There are 2 protein chains.
Amino acid sequence: AVSRLLGWWLIDNCPSPERCSPVTREQLFDLSRLPDEFGPVAARIEAGALVVDWSHGEGSSRFDPGWLSAHDYGAGYDGEDRPEPRLWRAADMPEPPTVEGARILEDDQALEDWLSAVAVYGFGRLRDAPRAPGDVERICARIGTIRETNFGRVFDVRARLDADSAAYLPVPLEGHVDLPTREYQPGLQALHCLENTTAGGLATMADGFAIAEALRAADPSAFETLTERPMVFANRAKSTDYRWRAPAIGLDRAGRYVEVRVGPFLRGPQAERPERMAELYRAIRAITRLARDPAFQTQYAYAPGDLVLFDNRRLLHGRTAYDGAQGARWLQGVYLERDELYSRLRMLRRAKRAAMVGG
Amino acid sequence: AVSRLLGWWLIDNCPSPERCSPVTREQLFDLSRLPDEFGPVAARIEAGALVVDWSHGEGSSRFDPGWLSAHDYGAGYDGEDRPEPRLWRAADMPEPPTVEGARILEDDQALEDWLSAVAVYGFGRLRDAPRAPGDVERICARIGTIRETNFGRVFDVRARLDADSAAYLPVPLEGHVDLPTREYQPGLQALHCLENTTAGGLATMADGFAIAEALRAADPSAFETLTERPMVFANRAKSTDYRWRAPAIGLDRAGRYVEVRVGPFLRGPQAERPERMAELYRAIRAITRLARDPAFQTQYAYAPGDLVLFDNRRLLHGRTAYDGAQGARWLQGVYLERDELYSRLRMLRRAKRAAMVGG
């Protein structure tokens, strides 16, 4: 196999201690002081390594061939090393992907299986996880840093009298993402069941990317509107006034799904151009109807010790109504960012590879 | 003045308690169950309010005319209510915008002035702020929720032996944003000086949006590459492996600057297509050279009690070298999200309007 690697790319990745700090593993090398004509003058194999000599007094660099082939950008290396999402409908997913959680605080393989499910399907459930109040934080600290919000660090989801969100009323909740009013709606949400003696209050999860994909097929014009035209999300609470404007369906420059923002109860007054407002509302109605379609809803009951982690920028979560007088329902939740999960997955896999080499 | 407002838009913003919860101020109304033909059947002025009667048994809605004119999307309402950024160079900004900070914990006007400077120029300095260790958290809690990261909740910036970042070595630091390796690099950073007896260690701040704008003028092809082609940022620390791929210059769909990602020491191995790699490196060198240009660098010395808050997704911050043996330099920092600042500014202005009406 032949790898074609640019000189600038090579020297930017030179592992020598003058160019990459052995203490911080950060680059010390300044590309911008070299002229455009800079480049390699000679290259050879030395003791199994690629050695390149540089022009302009830059000496030489030595590269491990395994590292080079793993990072060959002409041959599949994409810089990210993230699992590919797989879209699903209710028929594909009668239950959430489930992992035995009793030993989640010690068991790295259970942690990897759980996080992989979240990366691929957008959610994963631990069963029989430790179930004391606050355990959700202890368990999720295994992934990374908790993201605190105006709801606090660990939030309690149960009916309460001073509700500042429909989540805290025993009403049904349509599928939604949390905090679409924030520039960065939290990437991950964990909901941990401590108590559930209600009938009803079934949780629902729907794959927002699959819903967007269905909209693209059924109504391309609504899909285009919701990917191109920003919507306004707003929440005026007593002490905060968060507003954000972003398309309901977020795509990256390669056209891949990044996020959905579907929050039926947190739309602010829309600010579209007058001639486009009717089409925006038509598109909002179209995705709202799809988001309610039972074909997308996986329903399940929470049992104490269940901990469901889900991608809050992909999955729409909701619940059916329950009667707060007939029983108690108590979930505790935390948010984290999505890249904490990707980082932890890489670390778990790195540790496993190191152990396999060691063994 | 005539406002043309769509029926769907009006009913979506209907303030009646059946359509908007008086408890949570969230929408209860489901647009998607009404047919496309839904709309107003009559409208009139009643006791100074606009009353609209709806088809399909939806009854009527009553709107305050002041609210309607403030949210008239054909006449300037944009859904966001955020100050417009003004780009600057060093000549425009010999010192950071500065606000007297002794009473920042009580004084709402000082808080508003400080946050407005950050929204408009990307940074603002409090002088003579309370200066005990941990005060940075107490003061920034006036804005909103602190964003914890892998560096902790409050991080100390001083030379230390176990450095996991160049920030903790007494070396000069080129202008950079913090954590470009994260999907959501923190929106705001606060640095609070507790001690500074060094010569050197001057802080530098440069407006990344002004640098991007200068690149657009000088080298449109490099500008296009850095807005269109994602770069890889990566940091392999002992316990985390964060990587993210995003353009160095982030624009929204209207072409406005959203963020810059310039981190000379956190580039990962780039993953561009082979035929485009040389142009990517040419563009990286071009923006790196501009980012170092003294014409963009505002330099200042930290005095104890100074607290500089800046937009970490817009400003490039750095420092000149210092000799850790010649004196001590101790800053404490926290991160927050940018929309905490916008929310707080709206709340401060709302309180001021209410007080003016009340008085």
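The model shown is predicted, which means the values in this text are computed figures rather than measured ones. No hydrogens, no waters, no symmetry mates; every other heavy atom, side chains included, goes into these values. Per chain, numbering begins at 1; letters A, B, ... match sequence-line order.
Counting non-hydrogen atoms of other residues, nucleotides and ligands closer than 6.0 Å to CZ of B/R253 gives a total above 12. The number of heavy atoms from other shown groups lying within 6.0 Å of CZ (B/R33) is above 12.
Between A/D36 and B/R285, at least one side-chain N (NZ, or NE/NH1/NH2) sits under 4.0 Å from a carboxylate O, which counts as a salt bridge.
Using a 4.5 Å cut-off between heavy atoms, B/T145 touches chain A through its side chain atoms alone. With a 4.5 angstrom heavy-atom cutoff, B/D30 touches chain A only via side-chain atoms. Heavy atoms of B/R82 lying under 4.5 Å from chain A belong exclusively to its side chain. At a 4.5 Å heavy-atom cutoff, the contact between A/L6 and chain B is made by side-chain atoms alone. Residue contact with chain A, scored on non-hydrogen atoms closer than 4.5 Å, involves the side chain of B/P247 exclusively. Of the two parts of B/R229, neither the backbone nor the side chain holds a non-hydrogen atom closer than 4.5 Å to a non-hydrogen atom of chain A. Proximity to chain A (any heavy atom under 4.5 Å) is shown, for B/S3, by neither the backbone nor the side chain. Only the backbone of B/I146 comes within less than 4.5 Å of a heavy atom in chain A; its side chain stays farther off.
Once rounded to the nearest 0.5 Å, the distance linking OH of B/Y184 with CZ of A/R147 reads 7.5 Å. A distance of 10.0 Å separates OG in B/S32 from CG in A/L290, rounded to the nearest 0.5 Å. Between the CD atom of B/E337 and the OH atom of A/Y242 there is a distance of 10.0 Å, given to the nearest 0.5 Å. The distance from atom CD of A/E340 to atom OG1 of B/T240, rounded to the nearest 0.5 Å, is 8.0 Å. Rounded to the nearest 0.5 angstrom, B/R267 CZ and A/D12 CG are separated by 4.0 Å. With values rounded to the nearest 0.5 angstrom, A/L345 atom CG is found 10.5 Å from B/D241 atom CG.
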Run B/E183 and A/R313 through salt bridge (Lys or Arg N to Asp or Glu O under 4.0 Å) and show every step you take. CA-CA 13 Å; B/E183 179 170 13; A/R313 297 166 63 211; 2.8 Å; yes

Let's go through B/I284 and A/L31 carefully: what are the C-alpha distance in whole Å and the side-chain angles of both, what is the deciding distance for side-chain contact (heavy atoms from CB on, under 4.5 Å) to 0.1 Å, and is it a yes or a no? CA-CA 8 Å; B/I284 292 172; A/L31 295 166; 4.2 Å; yes

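Each of A/Y281, A/W244, A/F233, A/Y342 has some count of heavy-atom pairs under 4.5 Å with chain B, and the biggest count is that of A/Y281. Of the residues considered (B/G268, B/S239, B/A351), B/S239 shows the highest number of contacts with chain A, using heavy-atom pairs under 4.5 Å. Counting heavy-atom pairs closer than 4.5 Å to chain A, the top residue among B/L5, B/N13, B/V232 is B/N13. When A/E228, A/R344, A/R289, A/R182 are compared by the number of non-hydrogen pairs under 4.5 Å with chain B, A/R182 comes out ahead. Note: B/R292 leads B/E174, B/R338, B/R292 in heavy-atom pairs under 4.5 Å with chain A. Considering only heavy-atom pairs separated by less than 4.5 Å from chain A, the leading option among B/T181, B/I287, B/T227 is B/T227. Of the listed residues (A/R346, A/R282, A/R153), the one with the most heavy-atom contacts under 4.5 Å to chain B is A/R346.
With hydrogens and angles ignored, the 3.5 Å screen pairs a side-chain donor or acceptor of B/Y77 with a backbone N or O of A/P269. Judged by distance alone, the side chain of A/W9 and the main-chain N or O of B/Q270 form a donor-acceptor pair under 3.5 Å.
Minimum heavy-atom separation, B/R243 to A/E80: CD-O, 4.1 Å. Pairing each heavy atom of A/G79 with each of B/A271, the nearest pair is N-CB, 3.8 Å. Closest of all the heavy-atom pairs between A/P274 and B/G74 is CG-CA, 3.7 Å. Closest of all the heavy-atom pairs between B/F265 and A/E26 is O-CB, 3.4 Å.
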